[in-house]
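As structure tokens, the structure follows; a few thoughts come after it.
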Amino acid sequence: MAWNTLPTYSASQVPDAAGLNDFIENLNYLKLRDVIYFGQSDGSANFTTTGTTFGAIGAPFTYTATMKAGYVMAMFHAPVAVCSVANVVDFTFAVDGTIIGGASSGIYRIRSSIYSHVGMLRFIPVAAGSRTIDVRWRTGAGTATLFGVGRYPYFYLREISWTP
Amino acid sequence: MPTWTEIDAYRVGQKIGAADLNTFAGDLNWLAQPPLAYYQRGTTDGNYTTTAVDNLVPIDPINMALTITTTGGIVIAVLDVSLAESSGNPFPALGYDIDEKLLYRYGAAGGGRQAGINLAAVGSETSVVLVMPLFGIAPGSHKIQPMWALDSAGTAVIVDDFAPFFGVWEI
């Protein structure tokens, strides 16, 4: 679906069918949007990592699409995550592999071996072109587990602003 | 930034002209690029700290005091921070202030664990995302900023490593 840059009409100008259809396409685009992604675990498997540097959790928490220059709202919610030892598990979003936040922190931390909820939300600027946005994580030590079995963590993206 | 224009209902027999089409286009463009502002702190720009008890104070009255010009719709405010304590055992409350007049508070005043955010030392941060729809904002330019306070003596820290974030967006 395309977003059309609409002309500025002059006083005597009458739009033809194509011109009016551009308005309709833009209305439809605002309703449906290009970048709307909802990826949710199917509840069949957990996710684990022992990585101490940020790495992608993997499908379904990753999305690639051609985007317009603007802002995307990214959300990630996981009911339960835990670290096997008394250490931390850090989460963040990444755009084309570049994470938000520090290399040893990300933007969201759960700590110790306490079962914790993860909830992240950011407005993320994106440049025009093919972009990959994903959720990444790391552990300070031990094994981090993101529970998918019986729980349904999800990743949601929505285009919220672009230069029209 | 595009501007939003209220469009009156058309009467039977009324003809549509270029100005009308341009108004339609302007409103579509506004929907594409609604009022939105945010601040994301760099990971080396320094932590925030507070010792304020009960009465909410701004987290960052310079960078996080965002100005947004709205059409009177609902504004979504998002605060995404990771907190720790460097002294005491304080429990913070959070909130949003609009034009230094209208305050939305998350966490009761008067002691007793405020918003229930349990803090530990730096290195064991508690990450919090506070998403709140703000109602009752009149059309026009407004300053919106996040606030915080503690329930008891101590020091709370918002750690810069986690790129503290505050954003507002009219929906």
Side-chain angles (χ1 to χ4, degrees), chain A residues 3-15 19-20 22-23 25-27 29-31 33 68 70-71 73 75-77 86-88 90-93 99-112 114 116-125 140 159-164, chain B residues 1-2 15-45 76-84 118-132 159-171:
Chain A
W3 173 264
N4 303 298
T5 300
L6 299 171
T8 299
Y9 284 86
S10 56
S12 58
Q13 193 175 356
V14 177
L20 288 172
D22 283 349
F23 279 97
E25 280 188 1
N26 282 6
L27 276 169
Y29 186 96
L30 288 164
K31 182 77 164 70
R33 314 255 169 153
K68 297 183 292 300
Y71 298 93
M73 179 178 70
M75 295 171 60
F76 175 70
H77 282 264
N87 214 289
V88 300
D90 298 325
F91 295 83
T92 189
F93 298 116
I99 66 166
I100 303 173
S104 299
S105 58
I107 64 172
Y108 197 97
R109 168 163 289 176
I110 66 167
R111 66 176 188 267
S112 190
I114 299 170
S116 300
H117 165 267
V118 181
M120 309 196 297
L121 189 155
R122 289 271 167 145
F123 304 159
I124 300 178
E159 191 178 32
I160 61 173
S161 178
W162 64 92
T163 305
Chain B
M1 294 289 288
K15 288 189 167 40
I16 185 168
D20 302 299
L21 289 170
N22 291 334
T23 298
F24 284 125
D27 283 356
L28 284 171
N29 290 342
W30 187 96
L31 289 167
Q33 196 177 30
L36 182 152
Y38 77 96
Y39 172 71
Q40 181 165 287
R41 194 162 181 79
T43 57
T44 57
D45 286 345
I76 297 291
V78 179
L79 180 67
D80 179 353
V81 293
S82 295
L83 297 132
N118 197 343
L119 302 185
V122 172
S124 297
E125 287 77 2
T126 300
S127 296
V128 175
V129 177
L130 181 64
V131 183
M132 191 176 277
V159 181
D160 62 350
D161 281 347
F162 296 83
F165 173 93
F166 174 57
V168 289
W169 165 42
E170 184 179 9
I171 59 170

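Each chain gets a letter, A, B and so on, in the order its sequence line appears, and its residues count up from 1.
- If you tally non-hydrogen atom pairs under 4.5 Å between each of A:W162, A:F91, A:W3 and chain B, the highest count goes to A:W162.
- With respect to chain A, the highest number of heavy-atom pairs below 4.5 Å among B:E125, B:M1, B:Q40, B:R41 belongs to B:E125.
- Considering only heavy-atom pairs separated by less than 4.5 Å from chain A, the leading option among B:V81, B:V128, B:T43 is B:T43.
- The most heavy-atom pairs under 4.5 Å with chain B, out of A:V118, A:L121, A:L20, come from A:L121.
- Minimum heavy-atom separation, B:A77 to B:F166: CB-CE1, 4.2 Å.
- Between A:F23 and B:L21, the closest side-chain pair of non-hydrogen atoms falls below 4.5 Å.
- Contact of A:S116 with chain B is not made at all, since no heavy-atom distance falls under 4.5 Å.
- Contact count versus chain A (heavy atoms, under 4.5 Å) is highest, among B:V131, B:L36, B:T44, B:D80, for B:D80.
- To the nearest 0.5 Å, atoms CE (B:M132) and CG (B:L79) are separated by 10.0 Å.
- Counting heavy-atom pairs under 4.5 Å between each of B:G42, B:A19, B:G123 and chain A puts B:G123 at the top.
- In this structure, the side chains of B:L28 and A:Y29 stay at 4.5 Å or more apart for every pair of heavy atoms.
- Residues A:Y108 and A:G119 come closest through the heavy atom pair CE1-O, 2.9 Å.
- Interface remark: of the candidates B:D20, B:V159, B:N22, B:I16, B:N22 forms the most heavy-atom pairs closer than 4.5 Å to chain A.
- Distance CZ/A:R109 to CG/A:N87: 8.5 Å, rounded to 0.5 Å.
- For the atom pair A:M73 CE and A:S161 OG, the distance stands at 12.5 Å (nearest 0.5 Å).
- For A:Y71, the part lying under 4.5 angstrom from a heavy atom of chain B is the side chain only.
- Your options are A:N26, A:T8, A:L6, and the one with the most heavy-atom pairs under 4.5 Å with chain B is A:T8.
- Scanning both residues, B:A84 and B:A121, for their nearest heavy atoms gives CB-C, 3.8 Å.
- The parts of A:I160 that come within reach of chain B are both its backbone and its side chain, each placing non-hydrogen atoms under 4.5 angstrom from that chain.
- Of the two parts of B:T126, the backbone and the side chain both hold a non-hydrogen atom closer than 4.5 Å to a non-hydrogen atom of chain A.
- Between chain B and the residues A:S105, A:G102, A:S10, A:G106, the largest count of heavy-atom pairs under 4.5 Å involves A:S105.
- Using a 4.5 Å heavy-atom threshold, the side chains of A:T163 and B:Q33 count as touching.
- For A:I107, the parts sitting under 4.5 Å from any heavy atom of chain B are the backbone and the side chain alike.
- With chain B as partner, the option from A:G101, A:P7, A:G19, A:S104 having the largest number of non-hydrogen pairs under 4.5 angstrom is A:G101.
- B:S124 touches chain A through backbone and side chain together, each having a heavy atom under 4.5 Å away.
- Contact annotation for B:F165: both backbone and side-chain heavy atoms come within less than 4.5 Å of a heavy atom of chain A.
- Between chain A and the options B:A120, B:S82, B:P164, heavy-atom pairs under 4.5 Å are most frequent for B:A120.
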